[in-house]
A.B. asks: 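A single structure is presented below for examination.
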Amino acid sequence: MTIIISFTKETNKQLSLTTQRALIAEAEKAQAELSFLKAQVNPHFLFNTLNNIYTLATIKDENTAPSIMKLSNIMRYITDETGNDFVSLQKELDCITDFIDLQKLRLTQKTTLVFEQEGDFEHKKIAPLILMAFAENVFKYGISNHNSNKLIIRIFSKQNSLTLFCQNTLYPDKINTERSGIGLENTKRRLNHIYKNRHILTIDNSQNLFTVNLTIQL
């Protein structure tokens, strides 16, 4: 009986250690993947922005200098803030605002842009750049030089939750020809890592519209 009890205790101990090692390994794997996904976010929209500023510079547009300053703000945000797991929500929104302002410079009269922010954004934290892929996606796929189009980005903050609504017209030819970037799949994985069971994401592409509804419990 003594031998059986001792053997059972040792077996349980080894099983517990094995389980613990597996959990640690899984956590380290998730953290490594999350770091990789976060690193992928940064270059994508920076390259697009640099292309826009280059165009302004070649035609000596008066918005060149302000655009460089906005890009500097974005780069400073990435350098100083995105190494953290969470950042000020207001700083995240300031970065998105600068990004959208830069995108406005290439819009024609055929495009109507609706960008709204509403609610209390102070004293709240969010994972850095978690919203950027959705905003970038609106501009990347929702603009046509031949057809009238409407881009909508709305951000609402209520108590401990944040809601993002994005919508743009679908242009299948752009989806096939645009250079692929981080895409939305990586952002979905980031959300699952950081806000598991604390977010609701719905994406709908019916009626020739691409619509995103995201709610995050902060």
Side-chain angles (χ1 to χ4, degrees), residues 31-57 61 63-107 113-140 151-157 160-166 179 181-195 198-199 201 212 214-218:
Q31 184 60 41
E33 182 179 357
L34 180 57
S35 298
F36 175 71
L37 295 175
K38 184 187 293 185
Q40 283 184 296
V41 175
N42 301 342
H44 185 67
F45 69 87
L46 283 178
F47 289 151
N48 287 341
T49 302
L50 282 170
N51 287 336
N52 293 338
I53 293 177
Y54 173 78
T55 301
L56 293 177
D61 191 287
N63 290 305
T64 302
S67 298
I68 293 174
M69 180 57 67
K70 291 180 185 296
L71 176 59
S72 176
N73 292 339
I74 294 173
M75 295 179 69
R76 185 179 298 110
Y77 175 74
I78 291 172
T79 301
D80 296 344
E81 302 291 341
T82 58
N84 301 318
D85 292 332
F86 294 94
V87 298
S88 162
L89 176 57
Q90 186 59 61
K91 289 183 178 180
E92 174 79 1
L93 295 179
D94 289 343
C95 180
I96 292 175
T97 300
D98 283 336
F99 170 79
I100 291 175
D101 285 344
L102 289 171
Q103 294 298 322
K104 286 180 182 177
L105 298 174
R106 68 185 183 95
L107 301 182
L113 172 63
V114 177
F115 175 47
E116 298 175 348
Q117 302 180 61
E118 182 180 322
D120 179 18
F121 301 111
E122 295 185 358
H123 311 300
K124 296 181 179 179
K125 299 286 186 178
I126 193 170
L129 299 175
I130 201 72
L131 306 178
M132 182 59 70
F134 298 108
E136 190 270 346
N137 192 74
V138 168
F139 289 95
K140 183 176 181 181
L151 313 178
I152 302 175
I153 300 174
R154 294 191 175 105
I155 303 173
F156 302 98
S157 176
N160 295 323
S161 69
L162 180 74
T163 299
L164 170 72
F165 175 86
C166 296
R179 177 182 176 183
I182 63 161
L184 298 184
E185 291 303 317
N186 284 0
T187 303
K188 290 178 184 178
R189 290 200 292 271
R190 286 192 71 202
L191 285 167
N192 287 330
H193 278 306
I194 303 170
Y195 296 103
R198 292 196 294 128
H199 79 281
L201 174 64
V212 173
L214 171 65
T215 298
I216 300 175
Q217 298 299 318
L218 300 177

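One-based numbering along the sequence shown. Owing to the predicted nature of the structure, the values given are computational and were not obtained by experimental measurement.
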A.B. asks: Using a distance-only test with no angle check, is there a side-chain donor-acceptor pair under 3.5 angstrom linking Arg189 and Asn192?
C.D. replies: no

A.B. asks: Measure the OG-CG distance between Ser67 and Asp61 for me, rounded to the nearest 0.5 Å.
C.D. replies: 7.5 Å

A.B. asks: Roughly how far apart are Leu105 CG and Asn52 CG, rounded to 0.5 Å?
C.D. replies: 7.5 Å

A.B. asks: Do Thr187 and Leu131 have side chains that approach each other closer than 4.5 Å (heavy atoms only, starting at C-beta)?
C.D. replies: no

A.B. asks: Please test Leu129 against Arg190 for side-chain contact (heavy atoms from CB on, under 4.5 Å), starting from the C-alpha separation and ending with a verdict.
C.D. replies: CA-CA 10 Å; Leu129 299 175; Arg190 286 192 71 202; 4.2 Å; yes

A.B. asks: Does one side chain, of Ser88 or Lys125, offer a donor that lies under 3.5 Å from an acceptor on the other?
C.D. replies: no

A.B. asks: Does Glu81 have any side-chain contact (heavy atoms from CB on, under 4.5 Å) partners at least two apart in sequence or in another chain, and if so, which?
C.D. replies: Tyr77, Asn84, Val87, Lys91

A.B. asks: Evaluate the side-chain contact (heavy atoms from CB on, under 4.5 Å) criterion for residues Glu136 and Phe99: first the C-alpha distance (whole Å), next the side-chain angles of each, then the deciding distance (0.1 Å), finally the verdict.
C.D. replies: CA-CA 8 Å; Glu136 190 270 346; Phe99 170 79; 3.9 Å; yes

A.B. asks: Tell me, do Ile100 and Phe139 make a side-chain contact under 4.5 Å, heavy atoms counted?
C.D. replies: yes

A.B. asks: Between Tyr195 and Ile126, does a side-chain contact (heavy atoms from CB on, under 4.5 Å) hold up when you go through it step by step?
C.D. replies: CA-CA 10 Å; Tyr195 296 103; Ile126 193 170; 3.5 Å; yes

A.B. asks: Are there over 12 heavy-atom neighbours, none belonging to Glu116, within less than 6.0 Å of that residue's CD?
C.D. replies: yes

A.B. asks: Verify, without hydrogens or angle tests, whether Ser72 (side chain) and Ile68 (backbone) share a donor-acceptor contact under 3.5 angstrom.
C.D. replies: no

A.B. asks: Any non-hydrogen side-chain atom of Ile216 less than 4.5 Å from a side-chain atom of Leu191?
C.D. replies: yes

A.B. asks: Picking from Asp120, Asp94, Ile155, Leu218, what satisfies side chain to side chain contact (heavy atoms under 4.5 Å, CB included) with Leu89?
C.D. replies: Leu218

A.B. asks: Can you measure from CG (Leu214) to NZ (Lys188) and round to the nearest 0.5 angstrom?
C.D. replies: 11.5 Å

A.B. asks: With side-chain contact (heavy atoms from CB on, under 4.5 Å) as the criterion, how do Tyr54 and Thr64 come out once you've worked through the C-alpha distance, each side chain's angles and the decisive distance to 0.1 Å?
C.D. replies: CA-CA 8 Å; Tyr54 173 78; Thr64 302; over 6 Å; no

A.B. asks: Side-chain contact, heavy-atom cut-off 4.5 Å: Val212 with Phe165?
C.D. replies: no

A.B. asks: If I take atom CE from residue Met69 and atom CG from residue Asp101, how far apart are they, to the nearest 0.5 angstrom?
C.D. replies: 14.0 Å

A.B. asks: Strictly distance-based, threshold 3.5 Å: is any side-chain N or O of Thr215 a donor or acceptor partner for the main-chain N or O of Thr163?
C.D. replies: no

A.B. asks: Please name the pair of heavy atoms, one in Glu92 and one in Ile130, separated by the smallest distance, quoted to 0.1 Å.
C.D. replies: OE2-N, 3.5 Å

A.B. asks: If every non-hydrogen atom of Phe156 is compared with every non-hydrogen atom of Phe121, which pair is closest and at what distance?
C.D. replies: C-CE2, 4.5 Å

A.B. asks: Supply the atom-to-atom distance Leu164 CG to Gln117 CD, rounded to the nearest 0.5 angstrom.
C.D. replies: 10.5 Å

A.B. asks: Atom CG of residue position Asn160 - does it have more than 12 heavy atoms of other residues, nucleotides or ligands inside 6.0 Å?
C.D. replies: no

A.B. asks: Does any non-hydrogen side-chain atom of Phe134 lie less than 4.5 Å from one of Ile153?
C.D. replies: no

A.B. asks: Taking atom CG of Asn51 and atom CZ of Arg106, what is their separation to the nearest 0.5 Å?
C.D. replies: 10.0 Å

A.B. asks: Identify the two heavy atoms, one from Lys124 and one from Ser157, that lie closest to each other, and give their separation to 0.1 Å.
C.D. replies: NZ-OG, 2.6 Å

A.B. asks: For Leu71 and Leu50, which heavy atoms make the closest approach, and how far apart are they?
C.D. replies: CD2-CD2, 3.4 Å

